[in-house]
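Read the structure below first, then the notes.
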Number of protein chains: 2
Amino acid sequence: MYKKVLIAEDFDSINIAVKQTLENLGVQEIQYAKYCDDAILKLKKALQDDQPFDLLISDLSFVEDYREVTIASGEELIQAIKEIQPEIKVIVYSVEDKPYIIKTLFDEAQINGYVKKGRNSISQLKTAIETLLYGKTFISPELAHALQDKTGKEIDSYDITLLSHLANGVAIEEMETLFKHLNITPNSKSTIEKRVAKLKDYFKANNNIHLIAITKDLGII
Amino acid sequence: MYKKVLIAEDFDSINIAVKQTLENLGVQEIQYAKYCDDAILKLKKALQDDQPFDLLISDLSFVEDYREVTIASGEELIQAIKEIQPEIKVIVYSVEDKPYIIKTLFDEAQINGYVKKGRNSISQLKTAIETLLYGKTFISPELAHALQDKTGKEIDSYDITLLSHLANGVAIEEMETLFKHLNITPNSKSTIEKRVAKLKDYFKANNNIHLIAITKDLGII
DNA sequence: AAGTATTTTACGGGAATCCGTAATTGGGAG
DNA sequence: CTCCCAATTACGGATTCCCGTAAAATACTT
């Protein structure tokens with residue numbers, strides 16, 4: 001069993017439950033952080049003391065409050081931690097279920113397990129930890145299909161910015177000017193319209209309004 | 001202290017933490033339900049046995065899965081439970097922070113406390129329970145402003161349906177036909193357009209796309 | 001019942017969108 | 001350099017949205 005585990009999770013209630021689970025599994029040392037910044041500090045400290053963490057269990061979204069933070073999300077946290085201690089194992093424990101997000105986590109951030117918070121997530125978390133011990137990856141069964149998803153490959157960052165500006169109320173008319181101002185290419189009204197048309201086609205949206213509603217629901221913007 | 005408490009919460013991890021909290025407070029009997037339907041059943045059973053619950057702690061959103069349910073949300077659950085056992089105390093324990101939602105819960109559903117899931121929510125939950133014992137209501141400090149919010153009064157259910165259909169890709173053109181078909185009045189294109197214009201004004205949206213993005217972010221649709 | 005106020009409906013013009021097609025540009029390949 | 005291909009840009013027409021005004025219907029007073 002892993003000896004030293006770090007939990008990065010803002011909700012106290014979930015922290016309590018995960019901690020209890022790890023104790024039941026026989027983990028000797030458990031620490032938790034309610035802010036990503038604190039998680040980084042604890043990780044560095046452990047490395048300095050030559051007693052590094054074996055495993056990180058991290059949430060993805062951390063609610064903002066009065067405190068100023070440099071790392072605001074689980075995605076950033078994992079990336080930062082992998083730079084400091086690349087060999088650490090990572091399990092994401094989150095409510096997120098968008099294929100696009102999860103696939104990126106496995107592909108880009110090289111996480112080892114993904115457990116979706118839900119009605120049986122604690123037993124899944126146990127299974128995930130045991131699976132990792134055998135050197136394999138884990139994903140919640142209900143999300144297994146996520147790794148086959150192709151959205152991530154076909155929608156690029158240009159599409160995302162375009163959608164974001166649309167959602168922020170920028171009209172197609174103004175988009176051309178805005179993109180030129182921001183040095184984003186292509187930026188002609190025509191090409192922008194073409195992209196939007198492609199996106200509408202891809203997401204089977206009836207119109208631009210529908211498109212924004214769909215992509216918001218998918219968590220793309 | 002309350003003797004018998006029912007928890008309605010789908011996430012197992014949070015169930016564990018809330019249960020532990022109640023035990024620490026000295027609650028004698030704690031039951032939990034991961035589905036709203038089960039919560040109703042347990043409540044009815046307890047009433048029949050003449051050992052009713054004193055307090056309900058409920059989440060608002062319950063994720064859908066394979067199981068067919070009749071009650072899908074915490075709002076519906078609370079309404080249903082109040083009809084069966086009007087004197088029961090209710091605390092909502094949820095991540096929801098939209099003033100519109102919370103104000104409605106206090107005003108319409110007559111809940112007694114609202115605790116927002118967060119970094120210190122477990123201690124808030126304890127305080128909430130103790131506050132209720134004195135016959136007072138509780139709301140998480142960071143949401144105290146929610147009760148002053150006026151959105152709830154100015155946006156009605158007609159606006160919500162309108163926005164929902166817009167988000168589902170129905171064009172204003174088609175809306176008239178659709179509303180007539182659904183027996184929703186007013187349904188003339190002109191009035192519908194007027195409503196949309198009012199909403200755009202209210203939410204300071206540049207266009208319909210922007211409007212949907214904003215209202216989606218606010219959790220109104 | 002008549003008058004007033006409010007809401008709903010009707011209509012129309014200008015702006016923005018949607019969605020084609022055609023022209024232009026900017027690399028690689030030969 | 002020239003050809004070719006793909007991507008970008010230009011342009012235009014049909015449609016839809018946007019927003020005002022005026023008429024009609026409904027509700028509310030007296």
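Reminder, nothing fancy here: chain letters follow the sequence lines and each chain counts from 1. Computed from a predicted structure; not experimentally measured.
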Rounded to the nearest 0.5 angstrom, the OG1-CD1 distance for A/T127 and A/I122 is 11.0 Å

For B/F179, the ring pair (Phe, Tyr, Trp, His ring centres under 6.0 Å) test, sequence neighbours excluded, returns B/Y158, B/H165

Counted 5' to 3', the first and last nucleotides of DNA chain C within 4.0 Å (strictly under) of a heavy-atom of chain B are C/dT8 to C/dC11

Determine whether A/F11 and B/V95 make a side-chain contact, defined as any pair of heavy atoms from C-beta on separated by less than 4.5 Å. yes

N/O donor to acceptor pairs below 3.5 angstrom from side-chain atoms of residues 168-175 of chain A, sequence neighbours left out:
unit_1: A/N168; atom_1: ND2; unit_2: A/S164; atom_2: O; d: 3.3
unit_1: A/E173; atom_1: OE2; unit_2: A/K189; atom_2: NZ; d: 3.1
unit_1: A/E174; atom_1: OE1; unit_2: A/A171; atom_2: N; d: 2.8

Distance-only donor-acceptor test, B/K194 side-chain atoms vs D/dT21 base atoms, 3.5 Å: yes

Contacts of B/K200 meeting side-chain hydrogen bond (donor to acceptor under 3.5 Å, both in side chains) (sequence neighbours excluded), chain-then-number -> B/N208

Protein-nucleic acid N or O pairs under 3.5 Å, nucleotides 11-14 of chain D:
none

Residue set satisfying side-chain hydrogen bond (donor to acceptor under 3.5 Å, both in side chains) with A/S188, at least two apart, ordered chain then number -> A/T191

For residues 211-221 of chain A, the side chain to side chain donor-acceptor pair (under 3.5 Å) pairs (sequence neighbours left out) are A/K216-B/D217, A/D217-B/K216

| Can you find a pair of side-chain heavy atoms, one from B/I40 and one from B/I81, that are under 4.5 Å apart? | yes

DNA chain C nearest-nucleotide lookup for A/N208 and B/T191: closer to the 5′ end is B/T191

By salt bridge (Lys or Arg N to Asp or Glu O under 4.0 Å), B/K194 pairs with (sequence neighbours left out) none

The reported gap from CG in A/N112 to NZ in A/K136 (rounded to nearest 0.5 angstrom) is 13.5 Å

Whole-Å distance, A/I212 CD1 to D/dC17 P, equals 16 Å

Assign each of A/V196 and B/R195 the nucleotide of DNA chain C bearing its closest heavy atom; nearer the 5' end lies the nucleotide of B/R195

Residues of residues 169-183 of chain B with a heavy atom under 4.0 Å from any atom of DNA chain D, listed by number, are B/A171, B/I172, B/E173

The single option from B/D12, B/D65, B/D59 that satisfies salt bridge (Lys or Arg N to Asp or Glu O under 4.0 Å) with A/R119 is B/D65

Applying side-chain hydrogen bond (donor to acceptor under 3.5 Å, both in side chains) to B/K180 and not counting sequence neighbours gives B/E176

Report, one pair per line, the protein and nucleotides 25-28 of chain D atoms (nitrogen or oxygen only) whose separation is under 3.5 Å.
none

With sequence neighbours left out, the residues meeting side-chain hydrogen bond (donor to acceptor under 3.5 Å, both in side chains) with A/E9 are A/K117

